[in-house]
K.L.:
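Handing you a structure now.
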Amino acid sequence: MKKSVVSVLLALLFILSSCSQALTSSGATGTADPKETFAAKTAGTQTQTTSAVSVPESSEEVSDYEPLILENPGNLYSAVDSMTFDFGDGYDELRNDLPKMDGSTSLIPFEAALRAALYGVSAEEAKGFVSHTTTWGALDNLLDGTADAIFTCPLSDEQRERVREYEKESGVKLKEVPVAMEAFVFVVNAENPVKSLTQKQLRDIYSGKITNWKEVGGRDAGIIAYQRNNDSGSQNYMIDFMKGYELTDAPTQYRAGSMKAAMDAMAYNDNAIDSIGYSVYAYAADMYEDSELINFVAVDGVTPNRTTIDDGSYPLLGYNYLMYFDTGDGRLPLLEKFALSDAVQLEAAKSGYVPVKNVNFDFELMQPEAYAGVGAGRERSDEKIAFEYVSAIPDFYLKTIDLGFIKDVELREEIKAFAETALNKQALLPSRNAPYYKILEKNGFVSMTVYTRYDQRLDEDFYDYDGCKYVDCAIWDLETGKKLSLEECFCRGTDIAAALNKAVGTQLMHMATDWGTYYPTIRDFKGLTKDSWWQIDLENVYLDGRNPYVATGVNLSLDGVDPHLMVWNYERRDTDWVYEEFSERNVVLSSRGVKYSALSKNSFAFALLEEDRFENAAKINKYVTDYMAEHFTLKEGDRATEFMNWRGYILAEKYFILNPSANNADYEAFGLDPGYARVIVFDLDSGERIAFDDILPETEKGKIDQEKPMELWMFSENGALVIRYSYEFGEENRISIPAGLLAL
């Protein structure tokens, strides 16, 4: 992109941000240019947070930087492309007073496409202001007036009954307007030899008439037919598909509570090869069509893809809808007209939907080029990994950047300049939060990360979190003073995409917030691409707000990557010369090399070690499994709560620590003896169980009563190991142990 164009766009974005501040503080509405009011109109009435960063007076100061929001992951369009649409003056009422919208999670990109077309901004920027509560939650909000309109899949019979009651009481009718085509798809494990089924065979499977795969050309094994929870959009499709047949009542363990879980069942569970499930194409396509784990089932000989959906040859087709009550609100028919306009339908096609009208869009362009970098750093070695690092400065809003611990003044100024440029750039982009910064040092390498967090609630159960809306990262080798490329961060010959895709994909599929709520998913993970919506520092992979998979940016751990592949995990001796004042080392408490297992489907999960990473893992795992089986086996029919899981930590590559995460009442409720819910510690070098006190300094021994069952948490903070523990619900005790005092 030419520098002059970037400058113009930066100036426009600066106007957007400034105008949002002015509108928020003054309360003015409908008087400014519609494009300038975008941030204010889409973000609601939240208060503007004053940035601690000084914003440049002119965009020329950052004109060499392309704003993060300009291009989508496929490089298909930018804000410039969106601005070329000429809508005339017919939609001014929408621009100045957009109805409140909600919908299904899988339709987040559709509303973003509509907002992008309406305000002449990129879909990535628009997506940051979209919040959908789920298929059933959206209808609830439409019925109680919290939402004026919703984007959703077809309603269930139960939902339609509620609508009929509302129509009878209110005297208004529900309008259902198809806005995008949808396909109902069935999925199986990639190793399942059955690639195609007829509609009759599928209905016979889900009505219980066909129970063995050999009856449909597969292996001699029972069919495990997964269903969705009753309040999901996918289950609405299934019930409609099974009309005239009796849908079996699937047991709880075969009812997936989320789209992610439905796909996981076919990909990862113990009986995945014998399982079958279903979803909607818009959600599943970007991961599973070509995945080595999942196959779409061809129905009546036709495989679902955008071409067969667009030309109508795939038989299980439906629609996604715009729904609203015809109350006389003039904005709603206008919203309907706009949702079906060429502009919105084209933007929706670019976001991955099959439009309901022909907009001459080539869906092959939707496949961005995959990242395929090869490591160019040091030679890989199997020597013991060093995990100690210095956290030079904790996360705070920017006030000053203190890099005084680095002796090399020139390098210090280079890192500071990078941070200040990134902070100034992000300060120009639409947000009510000031940028953050984070500095990490690890074994002679330092990373600078600058990021802006989200500033909105996504729904009633999902609050703002440490996700990155915008992010800039860079890594330097303190020994050479060189800023490293991504490839130089990995040992020579490393397939970087394979390493990162596995770590990122696994975390995105299983990740939940601290409150147990999944991140709002647009589509499942297919892989990192050559585009710049993802970056790494010394401990995380950051997917910023442009990422095509999650409705918000997320920070993911590098723990899932083999540590031998990254150059900074090797011990760097005699590096005191690079530091002005060597800070006290943190003790890294990581989950690297930890996996989870359960005694049965109803049991709680407990931590084990990956046996290819630790010499004594098999010995330790046997002890743990036997211990859990002896003391925590549930009675048949009991189902453990998620709060009973046993967490696992690796402390400084020397100890493996397991601790229970529930209080006494949880265990007693299932007839288990909470007296065995104690912290368990193993010495990794010997594989033997040791006392918890053995790792503590003399001053702390005996403080934690190991004879009492407890709930315990461990984390690293300000150069110390922090242990937080409680014997009773609501109680909290805490000890902090400097790293130098631990028995390491």
Side-chain angles (χ1 to χ4, degrees), residues 24 27 29-30 37-47 93-115 118 126-156 158-177 179 229-233 236 258 320-336 338-339 432 454-465 513 515 517-522 551-552:
T24 304
T29 58
T37 66
F38 170 72
K41 289 293 184 186
T42 54
T45 58
Q46 290 168 294
T47 303
E93 184 176 359
L94 284 183
R95 291 191 186 98
N96 294 325
D97 190 14
L98 192 63
K100 293 176 291 185
M101 294 178 285
D102 198 348
S104 305
T105 304
S106 61
L107 281 157
I108 287 173
F110 189 92
E111 184 183 329
L114 183 144
R115 289 173 179 262
L118 183 63
K127 186 181 69 176
F129 297 101
V130 176
S131 171
H132 284 186
T133 57
T134 70
T135 302
W136 280 61
L139 181 63
D140 289 343
N141 289 338
L142 184 64
L143 291 170
D144 68 18
T146 305
D148 300 314
I150 62 175
F151 295 101
T152 181
C153 61
L155 302 180
S156 68
E158 181 181 340
Q159 288 175 306
R160 291 199 174 280
E161 182 59 34
R162 294 179 62 202
V163 168
R164 282 191 289 269
E165 292 176 3
Y166 181 87
E167 289 176 329
K168 184 177 179 180
E169 293 175 3
S170 66
V172 297
K173 295 294 183 182
L174 181 69
K175 290 207 67 175
E176 303 179 50
V177 183
V179 292
N229 49 307
N230 287 328
D231 58 355
S232 73
N236 290 358
S258 68
N320 288 310
Y321 293 86
L322 165 66
M323 295 186 186
Y324 64 89
F325 286 106
D326 192 4
T327 60
D329 183 342
R331 300 172 304 162
L332 298 175
L334 198 59
L335 180 67
E336 172 187 336
F338 190 58
R432 281 175 296 280
Y454 280 87
D455 45 42
Q456 61 179 358
R457 287 175 56 174
L458 300 176
D459 58 53
E460 289 302 316
D461 298 317
F462 188 87
Y463 294 83
D464 32 344
Y465 67 106
T513 69
W515 307 102
T517 306
Y518 282 105
Y519 290 103
T521 302
I522 297 172
T552 58

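Remember, predicted model here, so these are calculated numbers, not experimental data.
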K.L.:
What closest approach, in Å, do Leu107 and His132 show between heavy atoms, and which atom pair accounts for it?
P.N.:
O-CE1, 3.3 Å
K.L.:
When rounded to the nearest 0.5 angstrom, what distance separates CG in Asn141 from OG1 in Thr133?
P.N.:
5.0 Å
K.L.:
Nearest 0.5 angstrom please: Thr135 OG1 to Ile150 CD1, how far?
P.N.:
8.5 Å
K.L.:
For a quick test of reading the model, state the closest non-hydrogen atom pair linking Asn320 to Cys153 and the distance between them.
P.N.:
OD1-CA, 3.9 Å
K.L.:
If a pair satisfies salt bridge (Lys or Arg N to Asp or Glu O under 4.0 Å) and one of its residues is in residues 129-139, list it, with sequence neighbours excluded.
P.N.:
none
K.L.:
How long is the span from the CG atom in Leu155 to the CH2 atom in Trp136, to the nearest 0.5 Å?
P.N.:
9.0 Å
K.L.:
Applying salt bridge (Lys or Arg N to Asp or Glu O under 4.0 Å) as the test, list every pair that has at least one member in residues 132-144; sequence neighbours left out.
P.N.:
Asp140-Arg162
K.L.:
For Asp102 and Gly137, which heavy atoms make the closest approach, and how far apart are they?
P.N.:
OD2-O, 4.3 Å
K.L.:
Just how far is it from atom NZ of Lys100 to atom CG of Leu142, taken to the nearest 0.5 Å?
P.N.:
11.0 Å
K.L.:
For the CD atom of Glu111 and the OG atom of Ser104, what is their distance to the nearest 0.5 Å?
P.N.:
11.5 Å
K.L.:
List in chain and number order the residues that pass salt bridge (charged side-chain N to carboxylate O under 4.0 Å, His left out) with Lys175, two or more places apart in sequence or in another chain; answer none if no residue qualifies.
P.N.:
Glu336
K.L.:
If you take all heavy atoms of Ala149 and Leu332, which pair is closest and at what distance?
P.N.:
CB-CD2, 4.2 Å
K.L.:
Is there side-chain contact between Val179 and Phe110, with at least one heavy-atom pair below 4.5 Å?
P.N.:
yes
K.L.:
Can you list the residues that meet the salt bridge (charged side-chain N to carboxylate O under 4.0 Å, His left out) rule with Glu165, with sequence neighbours excluded?
P.N.:
none
K.L.:
For the residue pair Ala126 and Ala112, what are the closest heavy atoms and their distance?
P.N.:
CB-O, 3.4 Å
K.L.:
Not counting sequence neighbours, list each pair that qualifies as a salt bridge (Lys or Arg N to Asp or Glu O under 4.0 Å) and has a residue in residues 324-333.
P.N.:
Asp97-Arg331, Asp148-Arg331, Asp329-Arg331
K.L.:
Mind checking what makes side chain to side chain donor-acceptor pair (under 3.5 Å) contact with Glu167, not counting sequence neighbours?
P.N.:
none
K.L.:
Between Phe325 and Tyr166, how do the two ring planes meet: parallel, tilted or perpendicular, split at 30° and 60°?
P.N.:
tilted
K.L.:
Mind listing the closest non-hydrogen atom pair of Leu139 and Gln159 along with its distance?
P.N.:
CD2-CB, 3.5 Å
K.L.:
Measure the spacing between CZ of Phe338 and CZ of Arg95 and express it to the nearest 0.5 Å.
P.N.:
7.0 Å
K.L.:
I'd like to check the ring-ring contact (aromatic ring centres under 6.0 Å, His included) partners of Tyr324; sequence neighbours left out, ordered by chain and number.
P.N.:
none
K.L.:
Glu161: which residues meet the salt bridge (charged side-chain N to carboxylate O under 4.0 Å, His left out) condition with it, sequence neighbours left out?
P.N.:
Arg164
